[in-house]
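Worksheet: one structure, shown below.
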Amino acid sequence: MLGKLAILTIALFAATIIVGSIGIAFYYSYRSTLLTITAQRPLGLVLSKVSSLEYKMYVSPSGDTYYVTLKNYPNRTAYIVLTNSSGYELGFVEFGYNSTNITWIYMNMGGVKRNVSGSNMSSYITPLLTSATISYNPFTGTISLEAFPGLGPLYGLSYFSSYYNINWKDLLDGQPGSTDATVGYLFTPIVFNGKSYRGVEITITPQTSFLGTSGAYSVSAGVINLDGVPVAAQITVGTGAANYISMTLLNLTAYS
């Protein structure tokens with residue numbers, strides 16, 4: 001017969017194992033969310049899980065607010081509409097894609113129509129994937145940040161992780177994760193539409209070699225897994241001082 005002290009010791013040991021296992025499970029669920037959204041995932045794989053997406057954009061220092069609505073169709077065509085805070089449609093972007101890339105883009109923004117394909121698409125890819133683009137005037141040294149109706153909450157963090165050569169797996173394993181940016185992350189619950197999700201708050205700050213150039217994006221984001229789709233509930237892209245674009249997720253509908 002085991003004594004009471006022995007039984008208590010065994011019970012406490014078992015409880016420690018259970019609590020430790022739960023803690024490890026929680027950690028890896030957060031880690032999985034982070035690694036999935038920051039990975040350089042094929043565009044077709046990302047969009048194949050999303051039926052529709054809606055988010056709000058706030059642009060500083062102008063103070064302008066916009067709303068972006070994406071509809072994704074089974075024929076691998078996506079349609080994005082940009083409206084202002086009064087609900088007036090300012091324009092739209094339509095694009096086709098395959099499993100890995102965007103194949104064509106048609107835009108009607110402010111009455112200006114463009115049909116883009118092939119090598120002519122290169123200047124539109126970054127705005128479309130991140131919902132933001134930097135304009136740099138080499139004569140004055142002025143840098144401005146412009147909003148674009150794109151895939152920012154869905155694909156922006158993946159793009160910037162690749163842009164700054166961030167290896168998130170190495171970073172999570174305690175190794176240097178990037179030489180181009182300073183990266184911070186915090187596993188924490190994030191509330192979206194009144195519900196709490198296991199999330200990750202992320203900050204990406206470019207190293208000084210990027211500062212003062214046309215490529216110095218700073219990024220902060222709160223990442224969650226929503227209906228099986230890793231997405232930023234909030235993501236802010238900036239170029240320093242008061243120049244930033246803040247995107248807040250309003251709704252996402254996943255394909256079942």
message = Please determine whether residues Val116 and Leu43 belong to a single hydrophobic cluster, defined as Ile, Leu, Val, Met, Phe, Trp and Tyr linked transitively by side-chain heavy-atom distances below 4.5 Å.
response =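 Yes, because Val116 and Leu43 connect within a single hydrophobic cluster, where side-chain heavy atoms sit under 4.5 Å apart.
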
ask   = For the residue pair Phe95 and Tyr106, is the inter-centroid distance of their aromatic rings smaller than 6.0 Å?
value = no

What are the two closest non-hydrogen atoms of [X] and [Y], and how far apart are they?
{"X": "Trp104", "Y": "Ser117", "result": "CB-CB, 4.4 Å"}
{"X": "Ile224", "Y": "Ala233", "result": "CD1-CB, 4.2 Å"}
{"X": "Pro61", "Y": "Asn243", "result": "CD-OD1, 3.3 Å"}
{"X": "Ser131", "Y": "Met247", "result": "CB-SD, 3.5 Å"}
{"X": "Leu151", "Y": "Leu47", "result": "CD2-CD2, 4.3 Å"}
{"X": "Leu128", "Y": "Pro149", "result": "CD1-O, 4.0 Å"}

request  = For the pair Trp168 and Tyr185, name the ring-plane relationship: parallel under 30°, tilted 30 to 60°, perpendicular over 60°.
outcome  =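 If you compare the ring of Trp168 with that of Tyr185, the planes turn out perpendicular.
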
ask   = Does a donor on one side chain and an acceptor on the other come within less than 3.5 Å for Thr83 and Tyr88?
value =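 The criterion, which ignores hydrogens and geometry beyond distance, is not satisfied for Tyr88 and Thr83.
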
message = Can you confirm whether the side chains of Glu54 and Ser52 place a donor and an acceptor under 3.5 Å from each other?
response = no

ask   = For the side-chain contact (heavy atoms from CB on, under 4.5 Å) test, which of Val219, Ile245, Leu249, Leu154 pairs with Ile235?
value = Val219

Looking only at atom types and distance, does a side-chain atom of [X] sit under 3.5 Å from a main-chain N or O of [Y], one as donor and one as acceptor?
{"X": "Asn98", "Y": "Thr103", "value": "no"}
{"X": "Ser246", "Y": "Thr236", "value": "no"}
{"X": "Thr77", "Y": "Tyr73", "value": "no"}
{"X": "Ser60", "Y": "Tyr244", "value": "no"}

Min side-chain heavy-atom separation [X]-[Y] under 4.5 Å:
{"X": "Met57", "Y": "Val68", "answer": "yes"}
{"X": "Val231", "Y": "Asn225", "answer": "no"}
{"X": "Val59", "Y": "Tyr66", "answer": "yes"}

key: Steps toward ring-ring contact (aromatic ring centres under 6.0 Å, His included) verdict (Tyr79, Phe92)   = CA-CA 7 Å; Tyr79 188 80; Phe92 67 86; 5.1 Å; yes

request  = Determine, stepwise, if the pair Glu201 / Thr203 fulfils side chain to side chain donor-acceptor pair (under 3.5 Å).
outcome  = CA-CA 7 Å; Glu201 291 182 352; Thr203 58; over 6 Å; no

inquiry  = Between Leu157 and Ile202, does the side-chain contact (heavy atoms from CB on, under 4.5 Å) criterion hold? Intermediate values first, please.
reply    = CA-CA 9 Å; Leu157 199 54; Ile202 295 167; 3.4 Å; yes

inquiry  = Between Tyr97 and Asn72, does the side chain to side chain donor-acceptor pair (under 3.5 Å) criterion hold? Intermediate values first, please.
reply    = CA-CA 11 Å; Tyr97 60 93; Asn72 185 36; 2.9 Å; yes

Ile80/Glu94 under side-chain contact (heavy atoms from CB on, under 4.5 Å): CA gap, chis, key distance, verdict = CA-CA 6 Å; Ile80 306 176; Glu94 187 176 9; over 6 Å; no

message = To the nearest 0.5 Å, what is the distance between CG on Asn167 and OG on Ser162?
response =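 Asn167 CG to Ser162 OG: 11.5 Å, rounded to 0.5 Å.
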
